[in-house]
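Down below is the structure, laid out as structure tokens.
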Amino acid sequence: MSTAIVQAARALTPTVTQYWLGPGPGRPPLQPAVPGQHVTLRVGPRVKTYTILSVRDGAYELAVRNRLRGDRRDRLSPSLYAGATVGISAPQGSFTAESRVPFTHFLAGGVGINPILAVLAGGRLRNWQLVHADRGGDEFPFLARVRSLAKEQNGTVVTVDTAVRGRPDWATIVAAFPAGSTIGVCGPAGMVTEVRAAVQRAPEPLHLITDGSAPGDVAGMPESVQVECVRTGVTFEAVQRQPLLDALNRNGVAVPSSCRQGICGTCEIEVRDGQVDHRDEVLTDEEKAESSYMLPCVSKSMGRRLVLNV
């Protein structure tokens, strides 16, 4: 890793912050990058990958979601401020502004809009359609940018506020796409898995491209897991190919939920024992490493037993 300086930081939404990263004084320039590529940052003990939204005068624009901003558990904002030094990897990825893929449709969940925005900003596409889901009407940080590009490129933008309308039915959305459509999808693993399954079921051929999100299958994991719920005293066997959230509710353990895509954090529950394969955009890297909490709408158990404080 090389190093970069945070040149500027600005809140875009209650949870998303825009950062500009550039070379430090007397340091070599950052490596050339194409909007849409990813870089991995090391901020104190945290290591996480983010999308480069744009490049200006050798600096990278990033947009980082931090639901804990200002909270006592916020370990990111105090270390990522204007003037801070961070470790940074070389840019990687091909889902970029230089992509020549003839996309016709885009599906974005949460900050999955970032690489899609970079692709659209490349200016190569026309007559595209975008469905963007996020929680809260003020949690669409680049809506003005996307709508401006839509006006220039004869695109169509549909936003889904999951706090009001609930999670999108991605299968129904995909089923309405015409044969031969090329779909770009970026978002939580659970969403990508649902879209992938819908594409595979489509009676006519559809072409699916992701930005590298995990496919979200359960290969290498137990087919089922014994779930013990401490507060309610309920124990049951949950099939891993179905959302744990659904299994909890079926067995009388009421867990509130909203987006069901690992975006909003409504269904977050405490884990007393067990290791979790985290597939959400809510928990921090440290929280995921500790496996003290999980989002049962998308995440899976890595072992045969899971003890939850519900």
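This structure is a prediction, so every number in the text was calculated from the model and none was measured.
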Practice item. Looking only at non-hydrogen atoms, find the nearest pair between G184 and I116 and report the distance. Key: O-CD1, 4.2 Å
Check your understanding: Does some side-chain heavy atom of P222 sit less than 4.5 Å from a side-chain heavy atom of Q240?
Key -> yes
Point to revise | Verdict with reasoning, R304 to E223, per salt bridge (charged side-chain N to carboxylate O under 4.0 Å, His left out) | key: CA-CA 9 Å; R304 277 283 296 125; E223 293 184 1; over 6 Å; no
Review point. Are any of the side-chain nitrogens in E139 or R65 under 4.0 Å away from the carboxylate oxygens of its partner?
Key: yes
Review point. Where do S224 and E237 land on the side chain to side chain donor-acceptor pair (under 3.5 Å) test, with the steps shown first?
Key: CA-CA 7 Å; S224 64; E237 195 79 9; 2.9 Å; yes
Point to revise | Partner residues of Y293 under the side chain to side chain contact (heavy atoms under 4.5 Å, CB included) criterion, sequence neighbours left out | key: E268, E270, L283
Point to revise | Heavy-atom check, side chain of Q92 versus side chain of Q37, under 4.5 Å | key: no
Check your understanding: Do H132 and F140 have ring centroids that are under 6.0 Å from one another?
Key -> yes
Review point. So if you build clusters from Ile, Leu, Val, Met, Phe, Trp, Tyr with side-chain heavy-atom gaps below 4.5 Å, do F177 and V199 land together?
Key: yes
Review point. Are Y19 and Y81 close enough that their ring centers fall under 6.0 Å?
Key: no
Review point. Is there a path of hydrophobic side-chain contacts, each under 4.5 Å between heavy atoms of I, L, V, M, F, W or Y residues, that connects V157 with L12?
Key: yes
Review point. So V55 and Y60, side-chain contact (heavy atoms from CB on, under 4.5 Å) or not? Walk me through it.
Key: CA-CA 5 Å; V55 181; Y60 305 159; 4.3 Å; yes
Check your understanding: Who else is in the cluster with I269 when I, L, V, M, F, W and Y are joined by side-chain contacts under 4.5 Å?
Key -> V225, V227, V234, F236, L244, L245, L248, V253, V255, V271, V276, M294, L306, L308, V310
Practice item. Evaluate side-chain contact (heavy atoms from CB on, under 4.5 Å) for V86 paired with T3, printing each intermediate quantity in order. Key: CA-CA 6 Å; V86 298; T3 59; over 6 Å; no
Review point. Using a distance-only test with no angle check, is there a side-chain donor-acceptor pair under 3.5 angstrom linking S77 and N66?
Key: yes
Review point. By side-chain hydrogen bond (donor to acceptor under 3.5 Å, both in side chains), which residues pair with T85, not counting sequence neighbours?
Key: none
Exercise for review: Compare every heavy atom of G136 with every heavy atom of D161, then report the nearest pair and how far apart it is.
Suggested key: OD1-N, 2.8 Å
Practice item. Show the numbers, then the answer: is there a side-chain contact (heavy atoms from CB on, under 4.5 Å) between V119 and T96? Key: CA-CA 5 Å; V119 171; T96 72; 5.8 Å; no
Check your understanding: Are any of the side-chain heavy atoms of R279 and P188 separated by less than 4.5 Å?
Key -> no
Practice item. State yes or no: do L53 and V34 share one hydrophobic cluster built from I, L, V, M, F, W and Y residues joined by side-chain heavy-atom distances below 4.5 Å, directly or via other members? Key: no
Review point. Are L130 and V16 connected in a single hydrophobic cluster, I mean Ile/Leu/Val/Met/Phe/Trp/Tyr linked by side-chain heavy atoms less than 4.5 Å apart?
Key: yes
**Study point:** 4.5 Å side-chain heavy-atom contact, S301 and Q275
**Key:** no
**Study point:** Pair D138-T13, side-chain contact (heavy atoms from CB on, under 4.5 Å): steps then yes or no
**Key:** CA-CA 6 Å; D138 54 357; T13 78; 5.6 Å; no
Review point. Under 4.5 Å between side-chain heavy atoms, hopping through other hydrophobics if needed: is there a path connecting I88 to I5?
Key: no
Point to revise | Contact check, side chains of V185 and W170, non-hydrogen atoms, under 4.5 Å | key: no
Review point. Can you find a heavy atom in the side chain of L120 that is under 4.5 Å from one in the side chain of F106?
Key: yes
Review point. Got a salt bridge between E61 and R10, using NZ or NE/NH1/NH2 to carboxylate O under 4.0 Å?
Key: no
Practice item. With the side chain counted from C-beta on, respond yes when I209 and I183 share a heavy-atom pair under 4.5 Å apart, and no when they do not. Key: no
Practice item. Looking only at non-hydrogen atoms, find the nearest pair between S299 and D280 and report the distance. Key: OG-OD2, 3.9 Å
Exercise for review: State plainly whether the residues E228 and R305 are in salt-bridge range, i.e. N to O under 4.0 Å.
Suggested key: yes
Exercise for review: Assess whether side chain to side chain donor-acceptor pair (under 3.5 Å) is satisfied between N127 and T104, documenting all intermediate values.
Suggested key: CA-CA 7 Å; N127 305 312; T104 56; over 6 Å; no
Check your understanding: Any side-chain heavy-atom pair from T49 and V39 closer than 4.5 angstrom?
Key -> no
